[in-house]
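Order of listing sets the numbers, starting from 1, for every ligand and every atom in it.
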Amino acid sequence: MTKYSQTVEDGIDGMREMARGNFNLSWMDSNPEGWGQEVTRSQDGLRLENIEKGHYAKVPEFGSSHGSMAPRGCYVPDETPGLDQYTLNEMSEVWSENAAALYDEAVVRQWNSVTDIPWDKLEKLPDDIEKSVCQMCTGLTEVEFVAGDMPAQWLHRINHDFHEVKLFLATQIMDEARHLDVFRKRALANGGGLLSASPANQDLLGAILTAGDYTTASALMHIFGEGFVLTLFRQGEFLAPTEVEKTIFRMCMQDEARHVAYGVKHLQYLLERHPEREEEIHKVLDLGEQAIFSLTIEPQTSEPRAILAGGGMDNIELGLARMAFIYQKQVKEYINRLKVAGLDRLPRITIPLEIPDLGLAA
Ligand SMILES: [Fe+2]
Ligand SMILES: [Fe+2]
């Protein structure tokens with residue numbers, strides 16, 4: 001007869017006991033506090049916030065010290081080994097009161113670039129317009145996935161007790177994959193292709209990825225970077241020559257609104273508990289603002305947007321005026337979002353609130 005290891009032999013003995021009707025069944029009564037949960041479903045279905053009630057809503061300020069992957073609210077046997085993987089164990093470092101609701105919204109509103117974009121509406125465009133769309137899409141393809149890389153970089157470090165945040169960040173990674181893919185598809189789909197990368201982009205993207213802690217990275221990305229992108233997409237009608245780009249901007253905008261909403265509420269949660277972190281956040285925003293300004297003046301970023309906003313190279317004056325309007329909106333909304341989060345940026349801002357007079361009328 002084959003000789004198995006002790007572990008396997010013990011397992012077979014256990015099965016023999018069960019076959020004789022000798023069960024352990026201690027798990028059945030292991031978690032009395034967590035038993036008998038009453039759930040009321042939302043009108044549209046079962047939301048996370050419907051189940052995270054009472055016993056299950058108790059999120060520890062410091063994530064479980066056992067450091068295992070035991071689900072929050074279950075009974076954890078003493079012998080459960082810790083995994084020694086989590087470094088973000090303080091709730092305020094990652095928490096946002098809207099994470100659960102944003103997760104549910106994200107899973108309900110998933111879309112895809114295969115069938116949800118009216119690709120059949122693509123039409124032959126004048127050369128300057130097609131080239132501008134392709135250059136804008138090259139730039140957006142370049143930046144979009146940093147917002148997937150950044151949460152991916154921190155996700156496995158976040159304590160398992162904060163699963164609402166982990167779930168939300170997982171949806172963000174998928175959202176950004178879709179954004180990368182939809183802008184790349186648009187660049188390649190209409191007889192054009194990718195044009196030039198942007199050296200200035202790398203400063204901002206690099207600062208997000210090398211930020212020393214999660215909250216700093218989040219402020220720079222969720223509020224600053226994605227906030228600027230959200231405002232840009234909201235003005236998408238100026239930059240979209242066909243129904244295709246309009247739909248792309250509209251779809252991406254819904255996703256970006258969730259990412260920004262998480263960032264604002266997270267920063268607010270952190271600053272209410274750690275006001276001493278304010279200065280550090282200001283410093284990273286100093287960097288971000290300078291980086292975005294170098295980006296704005298790079299020809300491969302500014303020119304295609306101005307051409308699209310004006311409706312062609314001949315109308316560059318109108319295009320520049322519209323881009324100046326969008327910039328002003330971007331800065332204003334950025335300052336407002338930080339204000340909601342509890343940070344007064346206006347006295348510290350390092351970039352102009354509006355584009356100075358370019359002498360266009362002269
Ligand atoms: Fe995105
Ligand atoms: Fe995003």
Side-chain angles (χ1 to χ4, degrees), residues 94 96 98-99 101-114 116-117 133 136-155 165-187 194 197-198 201-202 204-209 211 214-236 239-240 244-267 284-285 288 291-292 295 301 305 326 330 333-334 337-338 341:
V94 295
S96 174
N98 56 7
L102 290 172
Y103 169 75
D104 280 328
E105 189 188 316
V107 291
V108 169
R109 300 187 88 179
Q110 291 293 296
W111 53 276
N112 74 81
S113 68
V114 180
D116 288 333
I117 306 297
V133 171
M136 177 177 68
C137 288
T138 305
L140 289 169
T141 305
E142 189 171 5
V143 300
E144 277 294 346
F145 206 72
V146 74
D149 281 339
M150 176 270 178
Q153 187 185 14
W154 294 98
L155 200 47
V165 172
K166 300 185 82 148
L167 294 175
F168 165 73
L169 292 176
T171 65
Q172 181 173 9
I173 295 171
M174 186 56 220
D175 292 348
E176 304 303 348
R178 202 165 46 230
H179 299 174
L180 181 153
D181 113 59
V182 79
F183 287 117
R184 189 175 177 90
K185 279 184 179 167
R186 172 58 192 88
L194 294 172
S198 152
N201 253 338
Q202 310 308 314
L204 183 58
L205 305 181
I208 290 170
L209 293 178
Y214 176 81
T215 295
T216 313
S218 165
L220 197 51
M221 190 184 79
H222 290 121
I223 306 183
F224 180 68
E226 297 190 276
F228 266 63
V229 165
L230 173 61
T231 312
L232 182 75
F233 289 175
R234 278 206 181 120
Q235 305 300 321
L239 301 168
V244 171
E245 300 82 29
K246 281 193 180 69
T247 311
I248 294 175
F249 283 135
R250 201 169 53 239
M251 300 293 227
C252 290
M253 191 177 77
Q254 298 171 9
D255 298 342
E256 297 302 350
R258 288 193 299 275
H259 309 159
V260 174
Y262 163 80
V264 170
K265 282 291 196 187
H266 166 54
L267 187 60
V284 86
L285 294 173
I292 215 145
L295 184 61
T301 303
R305 290 180 187 180
I326 293 177
Q330 284 173 316
E333 289 181 8
Y334 157 64
R337 287 179 191 119
L338 286 172

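Proximity of a side-chain donor or acceptor of E142 to a complementary backbone N or O of S198 within less than 3.5 Å is detected. Looking only at distances, no side-chain donor or acceptor of E226 sits under 3.5 Å from a matching main-chain atom of V260.
The number of protein N, O or S atoms lying under 2.8 Å from the Fe ion (ligand 2) is 4.
Taking the side chain as every heavy atom from C-beta outward, L220 and M150 never approach each other to under 4.5 Å.
Distance check: L169 CG to Y262 OH gives 5.0 Å after rounding to the nearest 0.5 Å. The line from CD1 of I117 to CD of E245 is 10.0 Å long, rounded to the nearest 0.5 Å.
Ring geometry for H222 against F168 counts as tilted: the plane angle lies between 30° and 60°, on a 0 to 90° scale.
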